[in-house]
Amino acid sequence: MFSFKSEPIMPTFALVDCNNFYASCERVFEPRLVGRPIVVLSNNDGCVVARSKEAKLLGIAMGVPLFHVREIIKKHGVVVRSSNYALYGDMSERVMNILSAAAPGHEIYSIDEIFLDIERLPVPDLGEWCRQLRQRVQQWTGIPVSIGVGQTKTLSKVANKLAKATSDDDGVFIFTPEVAENCLHETEVGDVWGIGRRWSKMLNSRDIITALDLRNLQDGWVRQRMGIIGLRTVHELRGISCHDLETVTPDKQTTCCSRTFARASSDRDQVQSAVLSYAERAVEKIRYAGQVCRVVQVFIRTDRYDTDIAPYSISALEALMTPTADSRAVVAAALRVFDRIWKGGVPYRKAGVLLLELSSSQDVMPSLFDDRINGSDQLMKAIDKMNSRFGRGSIGLGLSPKSAKWRMRQEHLSPRYTTRWADIPHAQIE
DNA sequence: TCTGGGGTCCTAGGACCC
DNA sequence: TCTGGGGTCCTAGGACCC
């Protein structure tokens, strides 16, 4: 008889997550904000989308509307900032460059998170390696990060949450089978990656409170109530990896540009000009990604929070003859769709344009019947170049009046320190 | 008389993520 | 006064075909 010695289960994934990323970015260039409560707002300055530790301690919840926390902000002198994506995107790139160079494989998961493949990392002390990596990012970019290590992506997420609790000193947590039961018992089921509000509520109502409870459920029960996705999550909690590292970023399948208006509008011209400007912005995005689209979808809707009005939402789409990234073709299609769905007398609050069936612009077969796009590439390149040099919206199709009331509200915007010459920080020497 | 059933494609909606 | 934006994946149900 052979005797099989079971292989020791080795940790595989490290999840590195920037602490309070947007708030930390604001602090890098404005050190006086260190130690003060900061919140960063969504587009339109509507909701709180990021909070510093101090702001969290004041009880400001994630996603609350700004007007709900006005009192707290006033009373405690909370610093308020509009989202500055030019700054956050650039800072993210710097952090990711450092982290991705440190491991044999990586997956950038979001603007502030990256999974590292550390299964075969030849280091004697993994904890020490993590602490040094963390130190390096802090020193080179000014951004604090936390690192969680586990056998699956889901467990590395659990570990990361535990690491955050110690982010003032250590900021590193390694999830091992020895500590599994304890760690999962201390983790609320709703804090598990993949368990959102709905499932959390459903599970709690059945007395499944912790990640450990979830891990111990029977497969059939989970499959029936939470589908294949829920089952994968449960397996991952048991240390069975179901989500591989995605080292190549797959091309996007859809791109969308949508906005909530500052106030509802029934004015046809106003809503139309909003829709057309979203179409123009969406097509810019796919050009930047080297893609073309075949289908253009437009939607307009009322305010879904306003209980005084009848909810109304409509969308429609149009397939183009040739896949394209030409602003003129896409905007014209958006206009035709808009004309089809427009209905007067409705207080519209939100609109958007989706570009669907995206593909690489290199794979396009030109159509015999569509001769409009001759010279398209050069024209679009020229437009993009001018906009990148002189600022977005410098040149376009002449359809977006600047004063329209759907324009985005950004009353607390910080400078674009790292991506705009005029905003470069000044150092003062005394 | 008998009112099937399986396959595919599409769409809308629901769940999740950051 | 005031409630984000941009994605992915899965599933259920309808239309259609044989």
Open item on the list: Side chain of A/Arg304 only, heavy atoms from C-beta on: which candidate in C/dT11, C/dG4, C/dG5 is closest?
Closed with: C/dG4
TODO: State which residues pass side chain to side chain contact (heavy atoms under 4.5 Å, CB included) with A/Asp191; sequence neighbours excluded, sorted by chain then number.
DONE: A/Lys161, A/Thr187, A/Glu188
Side chains of residues 134-148 of chain A: which donor-acceptor partners sit under 3.5 Å, not counting sequence neighbours?
from	atom 1	to	atom 2	distance (Å)
A/Arg134	NE	A/Val145	O	2.6
A/Arg134	NH1	A/Asp169	O	3.4
A/Arg134	NH1	A/Asp170	O	3.0
A/Arg134	NH2	A/Ser167	O	2.7
A/Thr141	OG1	A/Val137	O	2.7
A/Thr141	OG1	A/Ile143	N	3.1
A/Ser146	OG	A/Asn19	OD1	2.7

Open item on the list: If you compare every side-chain N and O of A/Thr255 against the phosphate oxygens of C/dG7 (OP1, OP2), does one of them come in below 4.0 Å?
Closed with: yes
TODO: Could you tell me the separation between the CG atom of A/Asp306 and the P atom of C/dC2, rounded to a whole number of Å?
DONE: 8 Å
TODO: Nearest whole angstrom, please: distance from the P of C/dG4 to the CG of A/Leu413.
DONE: 19 Å
Task: A/His243 NE2 - C/dT8 P separation (whole Å) - done: 16 Å
Task: Pairing stems for DNA chain C [at least three consecutive pairs; Watson-Crick or G-U; under 3.5 angstrom] - done: B:5-18 with C:5-18
TODO: Kindly write out the residues that satisfy side-chain hydrogen bond (donor to acceptor under 3.5 Å, both in side chains) with A/Gln272, not counting sequence neighbours, or none if the list is empty.
DONE: none
- [ ] Tell me which nucleotide among C/dG5, C/dT8, C/dC10 gets nearest to the side chain of A/Arg232.
- [x] C/dC10
- [ ] Under 4.0 Å between any heavy atoms, over every strand shown, what does A/Leu41 touch: base, sugar-phosphate, or nothing? Just pick one.
- [x] nothing
Task: A/Cys256 or A/Met62, whichever maps to the more 5' nucleotide of DNA chain C - done: A/Met62
Open item on the list: If only side-chain N and O atoms count, and only distance matters, is there a donor-acceptor pair under 3.5 Å linking A/Glu93 with A/Tyr88?
Closed with: no
Open item on the list: Which residues pass the side chain to side chain contact (heavy atoms under 4.5 Å, CB included) test with A/Ala165, not counting sequence neighbours?
Closed with: none
Task: For A/Asp339, all residues meeting side-chain hydrogen bond (donor to acceptor under 3.5 Å, both in side chains), sequence neighbours excluded - done: A/Arg268
Open item on the list: Could you tell me if A/Lys350 sits above the aromatic ring of A/Phe261, with its cationic atom closer than 6.0 Å to the ring centre and no more than 45 degrees from the axis?
Closed with: no
- [ ] Between C/dG5, C/dT3, C/dT8, spot the one nearest the side chain of A/Gln253, thanks.
- [x] C/dT8
Task: OP1 or OP2 of C/dG4 under 4.0 Å from side-chain N/O of A/Tyr305 - done: yes
Open item on the list: Under a 4.0 Å threshold between the charged nitrogen and the carboxylate oxygen, would A/Glu71 count as salt-bridged to A/Lys74?
Closed with: no
Open item on the list: In whole Å, I'd like the distance from the CZ atom of A/Phe299 to the C1' atom of B/dT11.
Closed with: 17 Å
TODO: Report the nucleotide, chosen from C/dT3, C/dC10, C/dG6, that has the shortest atom-to-atom distance to any side-chain atom of A/Lys285.
DONE: C/dG6
- [ ] Name all residues meeting the side-chain hydrogen bond (donor to acceptor under 3.5 Å, both in side chains) criterion together with A/Glu181; count only those two or more places apart in sequence or in a different chain, and write none if there are none.
- [x] A/Arg215
Task: P atoms of C/dC17 and B/dT3, separation to the nearest Å - done: 23 Å
TODO: Take the protein atom CG of A/Leu355 and the nucleotide atom C1' of C/dG6, then report the distance between them rounded to whole Å.
DONE: 13 Å
Open item on the list: For A/Glu236 versus A/Lys153, what's the shortest heavy-atom pair and its separation?
Closed with: OE1-N, 3.5 Å
- [ ] For each nucleotide in nucleotides 13-18 of chain B, reading 5' to 3', give B when a protein heavy atom comes within less than 4.0 Å of its base, S when such contact involves only the sugar-phosphate, and - otherwise.
- [x] --SSSS
TODO: Check the distance between C/dT1's C1' and A/Phe261's CZ and give it to me in whole angstrom.
DONE: 18 Å
- [ ] With DNA chain C as reference, determine whether A/Asp251 or A/Gly46 sits nearer its 5' end, using the nearest nucleotide of each.
- [x] A/Gly46
Open item on the list: Strictly below 4.0 Å: does A/Thr260 bring a side-chain N or O up to OP1 or OP2 of C/dG5?
Closed with: yes
Task: Sequence neighbours excluded - salt bridge (charged side-chain N to carboxylate O under 4.0 Å, His left out) pairs with any residue from residues 48-68 of chain A - done: A/Arg27-A/Glu54, A/Lys53-A/Asp168
Task: Gap between atoms CG and P, on A/Leu354 and C/dG5 respectively (whole Å) - done: 13 Å
Task: Any A/Arg259 side-chain N or O less than 4.0 Å from OP1/OP2 of C/dG6 - done: yes
Task: Nearest-angstrom distance from the residue atom OH of A/Tyr85 to P of C/dG7 - done: 12 Å
Open item on the list: By nearest atom, which of the nucleotides C/dT3, C/dT11, C/dT8 is closest to the A/Arg223 side chain?
Closed with: C/dT11
